[in-house]
Amino acid sequence: MMSLAVVLNLLFLVSIASAGHHYGGSVTFSPKGTNADGSMRVEFRFKRTYDWCDYSWWYCSSGNCGYESRSEYGQIDSSTNGRSAYYNNWCQSETVVTRNIHGNTPFDLRDYSCCWVPTVNNVGSWFLQTHVDLGIRSDTNQPNRSPVTTTLQLLRVPQNCPRKYHLIAYDPDGDQVRCRYGAQQQVECATCDQPSGFHLDQLACTLDYSYASTTGVYGFELIVEDFPRKHTTLAYTDGSSSYRCALNGGRHSRSVGATAYPWYYQSTTTVPWWQQTTSPSPWWWWYQQQASTIAPTTPAWWWQQQYTTVAPPTQAQWWWWLQTTATTTPTQPPQVYTTSVASHQRSYEPFSKLPLQFSFLIDSAAPSCTEGHYIPHFVSPTPRNGDEIQATPLREVEIRVKAVAAYATVTDVIISGPLNITKHALSTGEFAIRWTPTRNDLGDHFPVCFIAESVSGSSVYQSEMRCVIITVGRQTVDAHVICSATNMVVEIEQQHSVGLHKDYLRLNDPACTLDSNGTHVLANFSLNACGTMIEEDEEYIIFKNEIFSTDDPSSIITRKHEVEIAFSCRYEKKNNISLEFTARRHITTITEKGFGTLTYRFGLFKTANYITEIDVIAYPAEYELGEMIYLQIESQSTINNTELFVESCVATPYNDASTQTSYTIIQNGCILDETVEFYTSHQPMVRFGMQAFQFIGMHDQVFISCSVILCEANNPSTRCSQGCIDTTIAPPSHHHHRREAPIQTGSHLVSQGPLRLKRSIEPEVSSTVLNLNLAFIAGCLLAAVGMVCGVLIYRTKRSNVKYQPLKSDDI
């Protein structure tokens with residue numbers, strides 16, 4: 001009989017012959033809905049980097065994994081600056097697989113082979129395994145979604161240059177994400193080495209390089225996990241449930257009889273003998289034993305074909321036979337999932353386990369570690385690490401990346417992102433990363449990471465790695481709503497609104513039809529018609545309706561709304577207000593008891609002497625980064641001796657001061673932006689300025705909206721005299737007395753914009769900004785306020801991204 005030593009030697013020769021391909025890999029998954037037969041549709045994105053472009057094939061290793069119904073493969077990026085055993089090439093590819101799964105109990109997928117590119121820390125075979133849990137969450141009432149992650153799978157840094165790498169790990173369910181080294185006892189990696197010279201912050205998901213004594217490639221085998229932020233129950237279709245505890249609650253002692261191994265290696269006395277084991281052992285464990293070890297008493301199938309006629313048991317998969325030795329009972333294969341804890345019993349296990357593997361090349365020392373010398377330095381308009389970029393289906397999203405290096409030439413930008421992402425060189429050191437989401441991507445989040453590479457002689461240098469999240473969500477539209485005393489009129493621009501056609505749009509009442517003049521979709525209907533709903537509060541009567549898309553004009557029930565446009569008209573009960581505002585006519589007229597007719601004018605001026613006002617025809621007003629913006633708000637009243645007070649100012653990417661995406665400039669009369677300067681005080685006119693800033697979330701224009709109050713001048717009892725009020729301090733008590741005439745008005749909102757930053761190379765960006773041109777027309781002692789918003793019906797949680805002033809040295 002062939003000795004085990006011979007077999008080991010043969011396999012060793014095979015591994016040598018196969019050595020030098022694998023740079024790393026990763027996986028994420030996202031539920032995509034339910035099929036007509038009741039099965040769940042789940043999309044997996046498998047990334048793998050080899051020294052050639054290769055397709056990823058993962059197989060089911062545990063549980064009910066369903067079957068593949070669709071697969072798509074393509075290249076993400078490639079380079080000749082690699083370190084494989086054969087060629088100095090690498091290619092990252094992504095395979096997108098849709099699996100149809102009956103039920104939602106957890107399962108595992110696996111991919112493995114041999115071998116890594118030559119590494120200093122002797123990582124040999126590679127092994128990728130992901131744990132998938134699609135249970136219905138008690139906090140969202142939706143299937144669990146995995147974190148989304150990716151990375152450049154060949155990172156490089158000069159030996160003498162410490163650096164921090166932020167590993168992207170964004171969780172769409174809002175879970176806490178942890179990045180850790182894989183554990184061999186949990187069958188999560190091949191070698192599971194933790195290279196010296198590096199520090200991994202598990203909760204922050206950052207990898208710090210300090211110094212490595214040996215140059216060359218180091219292999220990293222990490223695991224990305226998600227944990228609930230509060231106790232959460234997962235419900236399964238088989239009637240079982242799993243109770244997960246928040247990670248920050250600390251790891252309490254486990255249940256009696258539980259082991260440190262994951263559920264798929266927990267043995268019980270009720271399983272058949274061939275699935276019992278004394279300790280978990282990964283598939284490659286057997287060939288790591290001494291060459292003198294006795295051959296397995298249960299030979300592998302290919303061994304049996306040569307020396308015996310006994311067939312292997314049908315219950316075990318082929319690779320299971322590699323897990324047996326003469327001195328231990330057979331190691332069980334990953335078994336079909338059964339809930340390892342009783343319903344609602346505490347568990348600190350993660351929802352998902354995702355592999356994240358990459359290669360890290362330590363180059364020879366650089367002449368300088370200062371970014372911008374040899375190592376590329378990112379400058380504007382490059383997005384910051386962690387930025388969230390909004391996108392819509394079928395609309396190309398573009399990320400501009402620019403890097404500089406004084407003593408080297410920036411030659412390339414290396415990217416990792418979703419399938420069909422592309423990169424384009426615009427000029428020296430400047431690149432455009434472009435991607436067009438599909439309709440199937442609606443509601444999902446996609447990580448994109450990038451690094452700039454520079455060359456000086458034969459040396460290659462990489463910049464820091466930055467990663468952003470592209471959220472495919474609501475489609476914005478250009479719309480205009482007009483409210484009269486009897487009717488609502490809505491105009492929707494078609495040119496920049498994908499998929500809008502009057503025949504596939506309807507109001508709440510499908511009997512009401514829409515018209516088109518070729519450029520706009522039009523709706524004109526009575527306030528009490530077309531399914532309009534009426535709401536009422538203390539101050540307003542509100543009429544609401546919606547325009548949304550349908551699959552079939554004759555259909556009453558739709559499967560999926562691609563576009564939903566909600567709009568309303570608001571009529572004030574008490575006051576007679578006539579207010580007009582458009583994007584270019586920055587004049588607000590108000591009639592208020594005690595003050596008569598008020599007119600507010602909001603203007604932009606070119607210089608601090610406030611002589612030349614910027615013509616509205618030239619809008620959007622353009623500014624250099626850091627250039628001063630000079631603003632003026634003036635009031636006219638039938639009452640003399642008044643002063644104007646700016647209570648608050650916010651900047652928003654849309655002409656809507658109530659949007660959550662905003663940057664506060666002034667609040668409660670207090671200056672929050674350190675660049676703001678006031679040039680007037682206690683006058684009917686306010687002049688102030690601030691430095692031009694750029695919206696972090698990639699919006700290239702902003703609107704500025706201010707809330708103003710008009711008061712009697714020099715009256716200490718008015719809000720104007722109080723100035724800045726710190727809301728954290730309780731205000732002193734006051735005795736209110738009845739007064740005959742008002743001494744101040746209410747707060748009135750005035751807006752200005754759009755403003756945007758000048759760019760050396762103007763991007764080709766079609767207008768997706770929701771341009772709300774609101775017309776307020778008085779009639780029958782009522783004032784109408786129109787509001788409209790274009791959205792995609794698939795509702796996603798949007799992070800509160802803020803504006804941030806950028807300093808000149810960021811350029």
Side-chain angles (χ1 to χ4, degrees), residues 11 13-28 44-59 68 71-97 109-130 149-156 167 182 188-193 216-224 283-284 354-362 412-423 447-451 453 460 462 465:
L11 289 176
L13 291 174
V14 172
S15 68
I16 293 296
S18 305
H21 299 298
H22 182 75
Y23 285 89
S26 64
V27 60
T28 60
F44 292 84
R45 291 182 173 266
F46 304 109
K47 283 191 175 69
R48 190 166 72 180
T49 302
Y50 252 43
D51 57 2
W52 71 83
C53 298
D54 193 20
Y55 179 91
S56 294
W57 186 84
W58 290 54
Y59 72 90
E68 292 188 9
S71 180
E72 186 180 3
Y73 158 82
Q75 176 181 323
I76 304 298
D77 202 357
S78 62
S79 173
T80 58
N81 293 327
R83 286 295 185 275
S84 73
Y86 299 96
Y87 316 101
N88 283 333
N89 300 332
W90 62 258
C91 175
Q92 185 182 78
S93 59
E94 182 172 73
T95 303
V96 181
V97 174
L109 296 173
R110 177 179 295 177
D111 189 14
Y112 63 87
S113 186
C114 183
C115 294
W116 279 75
V117 296
T119 57
V120 176
N121 56 332
N122 298 316
V123 183
S125 301
W126 59 267
F127 180 85
L128 299 168
Q129 177 158 298
T130 183
T149 184
T150 190
T151 188
L152 282 303
Q153 282 158 351
L154 179 61
L155 304 172
R156 58 194 306 165
L167 306 175
E188 295 172 339
C189 43
T191 306
C192 303
D193 182 65
V217 176
Y218 293 77
F220 282 82
E221 302 168 287
L222 304 185
I223 298 294
V224 178
W283 61 271
W284 59 88
L354 308 176
L356 180 63
Q357 298 184 5
F358 53 91
S359 299
F360 202 113
L361 173 58
I362 306 298
D412 198 6
V413 60
I414 308 300
I415 63 173
S416 178
L419 188 63
N420 298 320
I421 195 170
T422 60
K423 62 182 182 182
V448 175
C449 296
F450 53 88
I451 279 176
E453 276 194 350
V460 178
Q462 283 188 352
M465 182 175 69

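Each residue takes its place number in the sequence, starting with 1. Just so you know, these numbers use all the heavy atoms, side chains as well, and skip hydrogens, waters and symmetry mates. Since this is a predicted model, take the numbers as computed values, not measurements.
- When all heavy atoms of Ile223 and Pro355 are compared, the closest pair comes out as CD1-CA, 4.2 Å.
- Ser93 contributes a side-chain N or O that, together with a main-chain N or O of Asp54, makes up a donor-acceptor pair within less than 3.5 Å.
- Under the side-chain contact (heavy atoms from CB on, under 4.5 Å) criterion, Asp77 pairs with Trp90, Ile414, Ile415, Lys423, not counting sequence neighbours.
- Remark: the backbone N or O of Ile76 is not paired with any side-chain donor or acceptor of Gln92 at under 3.5 angstrom.
- Looking only at side-chain heavy atoms (C-beta outward), Val27 and Leu354 come within less than 4.5 Å of each other.
- Residues Val117 and Asp51 have side chains not in contact (no heavy-atom distance under 4.5 Å, counting atoms from C-beta outward).
- Between Ser26 and Gln153 the shortest heavy-atom distance is N-NE2, 3.8 Å.
- His22 is listed as a side-chain neighbour of Tyr50, based on a closest heavy-atom distance under 4.5 Å.
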Next on the checklist: Run the ring-ring contact (aromatic ring centres under 6.0 Å, His included) test on Phe360 and Tyr218 for me, step by step, so that the C-alpha distance in whole Å, both residues' side-chain angles and the decisive distance to 0.1 Å come before the verdict.
Outcome noted: CA-CA 5 Å; Phe360 202 113; Tyr218 293 77; 7.8 Å; no
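- Annotation for Cys53 and Tyr73: closest pair C-OH, 3.1 Å, computed over non-hydrogen atoms.
- Contact detail for Val217 and Ser359: the closest heavy-atom pair is CG1-CB, 3.7 Å.
- With Glu72 contributing its side chain and Val96 its backbone, the two residues share no donor-acceptor pair below 3.5 Å.
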Checklist entry - Would Phe46 and Trp58 count as a ring-ring contact (aromatic ring centres under 6.0 Å, His included) if you check the C-alpha gap in whole Å, the side-chain angles of each, and the deciding distance to 0.1 Å? => result CA-CA 9 Å; Phe46 304 109; Trp58 290 54; 4.7 Å; yes
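- Using a distance-only test at 3.5 Å, with no hydrogens or angles considered, a donor-acceptor pair links the side chain of Lys47 to the main chain of Gly417.
- Arg110 places a side-chain heavy atom less than 4.5 Å from the side chain of Phe127.
- The backbone N or O of Trp52 sits nowhere less than 3.5 Å from a side-chain atom of Asn89 that would complete a donor-acceptor pair.
- Within the 4.5 Å cutoff, the side chain of Leu222 has heavy atoms near those of the Phe358 side chain.
- In this structure, Arg156 and Asn81 approach most closely via the heavy-atom pair NH1-O, 3.4 Å.
- Inter-residue side-chain proximity for Leu154 and Thr49 is flagged as unmet; no heavy-atom pair is nearer than 4.5 Å.
- Using a 4.5 Å heavy-atom threshold, the side chains of Trp126 and Asp111 count as touching.
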